[in-house]
Amino acid sequence: MTTLIDSYAVQCAKCKKLRYIEAQEKYEEIRSKSPHTCFECKSCEELGDVHVDVDSPNVRWFLDQHGIPKTPKGWKRILVVRGNGEKVDVYYETPQQKKVRSPKQVAKFIQDNEEFKDDVKMEEISFVAPKRMKKPKS
DNA sequence: GCCACCGGTGGC
DNA sequence: GCCACCGGTGGC
């Protein structure tokens, strides 16, 4: 069974609470601007959405890097959690539903599909994977 | 034959 | 030592 990352949360720069972000697109928007533009809650008074338990048997937590570019229109960024739950593989799906998994393959795709070359730039693609969150050392 | 998935490693 | 990237292959 394939496990995909399909839920996203961000931390408010002010109150430090975590907020779920409904859509991947919205999440990517926030991530692309971070850390230069910090996310803030609409209302810090409201209770946080989630409590991170890195040892939870039900939920896996991965931490994303800042500044990953927004996925180009027509493309999909797919995050597959490996069987052991420790590592995530990043794939992109092209507008033709072809999966690519390295910058080299993206470059080749652009080369082979001249008609799409204006829709995607190498700088808009990042295979940097989120990392499994670990318990902070006490 | 394809491709989802994982292992290994070069480059940092 | 880590991890982005790629090679190889088992299962279909």
Side-chain angles (χ1 to χ4, degrees):
Chain A
M1 192 195 70
T2 306
T3 306
L4 297 174
I5 293 183
D6 57 4
S7 302
Y8 308 91
V10 296
Q11 188 176 38
C12 172
K14 277 204 253 171
C15 71
K16 308 296 179 193
K17 290 190 192 101
L18 285 173
R19 301 288 176 202
Y20 273 127
I21 305 298
E22 287 303 322
Q24 179 174 358
E25 195 180 351
K26 173 85 174 140
Y27 172 75
E28 288 196 350
E29 169 78 23
I30 295 165
R31 184 180 59 190
S32 70
K33 293 176 181 167
S34 174
H36 308 293
T37 303
C38 296
F39 171 81
E40 289 180 12
C41 299
K42 283 204 185 75
S43 165
C44 290
E45 315 308 316
E46 287 172 33
L47 287 174
D49 291 338
V50 278
H51 168 72
V52 175
D53 173 10
V54 295
D55 294 326
S56 165
N58 305 315
V59 184
R60 286 271 137 123
W61 290 94
F62 293 88
L63 185 62
D64 235 338
Q65 201 179 78
H66 295 287
I68 293 177
K70 287 197 282 182
T71 302
K73 281 214 169 53
W75 289 61
K76 256 163 101 180
R77 194 169 191 269
I78 302 167
L79 303 167
V80 180
V81 181
R82 289 198 177 190
N84 63 7
E86 292 301 316
K87 200 178 158 183
V88 173
D89 288 311
V90 181
Y91 298 86
Y92 280 85
E93 198 175 275
T94 71
Q96 296 75 42
Q97 273 90 266
K98 190 177 148 38
K99 282 203 180 105
V100 289
R101 55 180 189 128
S102 71
K104 208 170 161 182
Q105 288 183 3
V106 176
K108 187 176 184 328
F109 173 85
I110 294 171
Q111 202 174 29
D112 293 349
N113 299 271
E114 285 261 311
E115 66 273 29
F116 296 110
K117 72 172 180 339
D118 296 332
D119 298 342
V120 58
K121 298 192 179 59
M122 289 305 290
E123 313 83 83
E124 294 176 313
I125 300 287
S126 168
F127 288 91
V128 173
K131 308 283 175 290
R132 177 87 197 272
M133 288 179 77
K134 296 194 184 89
K135 211 181 249 173
K137 281 176 195 126
S138 50

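Chain letters run A, B, ... following the sequence lines, proteins first, then strands; residues in each count from 1.
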Do any side-chain atoms of residues 62-70 of chain A form donor-acceptor pairs under 3.5 angstrom with protein atoms, and if so which ones, sequence neighbours left out?
from    : atom 1 : to      : atom 2 : distance (Å)
A:Asp64 : OD2    : A:Tyr27 : OH     : 2.8
A:Asp64 : OD2    : A:Arg31 : NH1    : 2.5
A:His66 : ND1    : A:Ser34 : OG     : 2.4
A:Lys70 : NZ     : A:Glu29 : OE1    : 2.6

Side-chain donor-acceptor contacts of residues 97-108 of chain A below 3.5 Å, not counting sequence neighbours, with atom names and distances?
from     : atom 1 : to       : atom 2 : distance (Å)
A:Ser102 : OG     : A:Gln105 : N      : 3.3
A:Gln105 : OE1    : A:Arg101 : N      : 2.9
A:Lys108 : NZ     : A:Asp112 : OD2    : 2.7

Anything under 3.5 Å between a donor and an acceptor, one on a side chain of residues 1-13 of chain A, the other on a protein residue two or more places apart or in another chain? List them.
from    : atom 1 : to      : atom 2 : distance (Å)
A:Tyr8  : OH     : A:Ile5  : O      : 3.4
A:Gln11 : NE2    : A:Lys16 : O      : 3.1

What pairs of nitrogen or oxygen atoms, one from the protein and one from nucleotides 7-11 of chain B, lie under 3.5 Å apart?
from  : atom 1 : to      : atom 2 : distance (Å)
B:dG7 : N7     : A:Arg82 : NH1    : 3.0
B:dG7 : O6     : A:Arg82 : NH2    : 2.9
B:dG8 : O6     : A:Lys87 : NZ     : 3.4

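Counting heavy atoms from C-beta outward, A:Leu79 and A:Val90 have side chains that approach closer than 4.5 Å. Side-chain contact check for A:Val50 versus A:Trp61: some heavy-atom pair is nearer than 4.5 Å. Inter-residue side-chain proximity for A:Val120 and A:Tyr92 is flagged as unmet; no heavy-atom pair is nearer than 4.5 Å.
Here the P atom of nucleotide B:dC5 and the CD atom of A:Glu86 are 17 Å apart, to the nearest Å. Between A:Lys99 atom NZ and C:dC6 atom P the separation is 18 Å, expressed in whole Å. Separating the CD atom of A:Gln105 from the C1' atom of B:dC2 is a distance of 13 Å, rounded to the nearest angstrom. For the pair A:Leu79 CG and C:dA4 C1', the computed distance is 15 Å after rounding to whole Å. Atom C1' of nucleotide C:dC5 and atom CD1 of A:Ile125 are separated by 15 Å, given to the nearest angstrom.
A salt bridge does not link A:Asp119 to A:Lys73: none of the charged side-chain nitrogens sits closer than 4.0 Å to a carboxylate oxygen.
Residue pairs that meet the side chain to side chain donor-acceptor pair (under 3.5 Å) test with at least one member in residues 42-54 of chain A, sequence neighbours left out, do not exist here.
A sub-4.0 Å separation between OP1 or OP2 of C:dA4 and a side-chain N or O of A:Lys131 is present. Under 4.0 angstrom from either OP1 or OP2 of B:dC5 there lies at least one side-chain N or O belonging to A:Thr2.
Considering every non-hydrogen atom in both A:Val128 and A:Lys131, the closest pair reads CG1-NZ, 4.4 Å.
Distances were taken from every side-chain heavy atom of A:Lys104 (C-beta onward) to each of C:dA4, B:dC5, C:dC6; the shortest belongs to C:dC6.
Applying a 4.0 Å cut-off to non-hydrogen atoms, none of the residues of residues 57-72 of chain A approaches DNA chain C.
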